[in-house]
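The next block holds one structure in the form of structure tokens; read it before the comments.
Keep in mind the model is a prediction, meaning the values are calculated, not measured. Throughout, protein chains are lettered first and strands after them, A, B, ... in sequence-line order, and every chain is numbered starting at 1.
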There are 2 protein chains.
Amino acid sequence: MSVSSTPLKTNYHHGDLPQQAHQLALEILREHGDAAISLRALAKQIGVSAPALYRHFIDRDSLLAELAVTGFEALRARLLAVDQSDPRRALIDIGLVYVSFARDEPNLYRLMFGGRVLPKGIHPRLDIAGKGAFQVLEDTIAQAQAAGYVKPISLSLMTAAAWSLVHGLSQLSIDGHLPSTKAEPHLTQGVVTLLLDGSIAENKQHKKDTTS
Amino acid sequence: MSVSSTPLKTNYHHGDLPQQAHQLALEILREHGDAAISLRALAKQIGVSAPALYRHFIDRDSLLAELAVTGFEALRARLLAVDQSDPRRALIDIGLVYVSFARDEPNLYRLMFGGRVLPKGIHPRLDIAGKGAFQVLEDTIAQAQAAGYVKPISLSLMTAAAWSLVHGLSQLSIDGHLPSTKAEPHLTQGVVTLLLDGSIAENKQHKKDTTS
DNA sequence: GTAACAATGTTACTGGTGATAACTTATGTC
DNA sequence: GACATAAGTTATCACCAGTAACATTGTTAC
């Protein structure tokens, strides 16, 4: 159609669209949350037409799922870096690392666990990545149990308790439901310690011993 | 303008729009989640024009906030009904009731705590209602502490731990992240008990006693 | 080298959304 | 009954996700 003689740097094939879209979307997610991610705006900012994105992501949710996957991988990496030599130390540290991840990446964390936006059983890669992060937690507990440090109760029960605690704490923390946001690590440590040592007063605890 | 002689049942003033919209939105929320609530669809179903709704709700989020408020009030009511005579029983029961509420109303619960959709500090009534539900939890713990059943540690710390636990458990449960959905009450009870009694093996616990 | 094909872009369009502006009608008060 | 106000209306804007049909480029087979 055009008769222009200039070679005009044909950007018809962008070459790196999926990667660049992923990166940009991740930045928008981090700064403004998942609701702010619009494929049209994304395409415009990259300099490509909106439907082009559909060549690489079957729909918006698939893009979000990809972001969540990288989130779970990052979380898993950070959990894996925790020193496992001492059981008690490892349990506390893994809790601290978990919560601090959520606090560092609140919008990403919300997407990862925003059950409504990305339900389970729809994006297989997401489910696998989630399981991968969860597994680190479970392994740590299993190890502590094997070392005889943790009660020999059902592993799944113990893991559910630990995960619930750190997940709930993360969620409440990033949504501003907890006071004293500055003393956060201290709070996290105290909360995790409570799950380990229990909340019941000493004398009440020993009453049980006398009965047996 | 019209010359029709029939009185034509003037529905110009609906009379009960806000109440009816609230009710219908709540039903849609329950069945299909907050994302499925559209003011246009809502208006059409009620038989009114879409902008009419804006006379009663300043925007969509305000309507959602109203729904969340009723959610918090319902949660508070259910928590208040827990028998408080025995401290341990009360603590466990309040956990059971909390989680069962979330499981009964997953979409409502998600809206109530969907920090992204309804951030804190924007809808005062919502913040108050949330605090009201939280207060029941805190009061129960304070009572157990006053009775000498719970360790005399910081109340806010203990409350944060308890709330994190039941909230995390609720969230993970309704999003399908926990196995064995059928044995849920049993799981909840086990998890709450862990926070009370601790997770550490007996012999490890007693080692502390000998040192002192 | 060229023809066929697959990959990856494009424009044009549909149907749906929240929200606002300007107008109309019913209701309650003096 | 006049009239202010509350509560509806239609018309319109700007945005969005997603689809269809077409265009361009890179690759592979002959």
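The distance between atom CG of B:Leu17 and atom P of D:dA7, rounded to the nearest whole Å, is 10 Å. Taking atom CD of A:Gln19 as the reference point, atom P of C:dT8 lies 15 Å away to the nearest angstrom. Between the C1' atom of C:dG18 and the CG atom of B:Leu63 lies a distance of 13 Å, rounded to the nearest Å. Rounding to whole angstrom units, CG of residue A:Leu64 and C1' of D:dC16 are separated by 14 Å. Rounded to whole angstrom, the span from the CZ atom of A:Phe57 across to the P atom of C:dG9 amounts to 11 Å. Look at NZ on B:Lys44: it is 8 Å from P on C:dT17, rounded to the nearest Å. If you measure from atom CD1 of B:Ile58 to atom P of C:dG18, you get 15 Å, rounded to the nearest angstrom. Between A:Gln20 atom CD and C:dG9 atom C1' there is a gap of 15 Å when expressed in whole angstrom units.
Checking D:dG18, C:dG18, C:dT10 against the side-chain heavy atoms of B:Tyr54 singles out C:dG18 as nearest. Closest approach to the A:Arg55 side chain among D:dC22, D:dT9, C:dA19 is made by D:dC22 (side chain taken as heavy atoms from C-beta onward).
Classified by interplanar angle (parallel below 30°, tilted 30° to 60°, perpendicular above 60°), the ring pair A:His167/A:Phe113 is tilted. Ring orientation note: the planes of A:Phe134 and A:Trp163 are tilted relative to one another, at an angle of 30° to 60°.
If B:Arg40 and B:Pro18 are placed on DNA chain D by their nearest nucleotide, the residue sitting closer to the 5' end is B:Pro18. A residue-by-residue look at A:Pro51 and B:Asp61 shows that A:Pro51 has its nearest nucleotide of DNA chain C further toward the 5' end. When each of A:Ala41 and B:Leu53 is assigned the nucleotide of DNA chain D bearing its nearest heavy atom, the one mapping closer to the 5' terminus is B:Leu53.
At a threshold of 4.0 angstrom between heavy atoms, the contacts of A:Ser38 are confined to the sugar-phosphate backbone, with no base atom among them. Within 4.0 Å (heavy atoms only), B:Ile37 reaches sugar-phosphate atoms of the nucleic acid but no base atom. Within 4.0 Å of A:Arg60, counting heavy atoms only, lie sugar-phosphate atoms of the nucleic acid but no base atom.
In B:Arg125, the CZ atom is not crowded: 12 or fewer heavy atoms of neighbouring residues, nucleotides or ligands sit closer than 6.0 Å.
Expressed to the nearest 0.5 Å, how far CD1 of A:Ile46 lies from CD of A:Gln23 amounts to 10.5 Å.
For A:His56, no side-chain nitrogen or oxygen approaches OP1 or OP2 of C:dA7 to under 4.0 Å.
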Quiz item: For A:Ser170 and A:Arg103, what are the C-alpha separation, side-chain angles and deciding distance, and is it a side-chain hydrogen bond (donor to acceptor under 3.5 Å, both in side chains)?
Solution: CA-CA 7 Å; A:Ser170 299; A:Arg103 283 183 51 77; over 6 Å; no

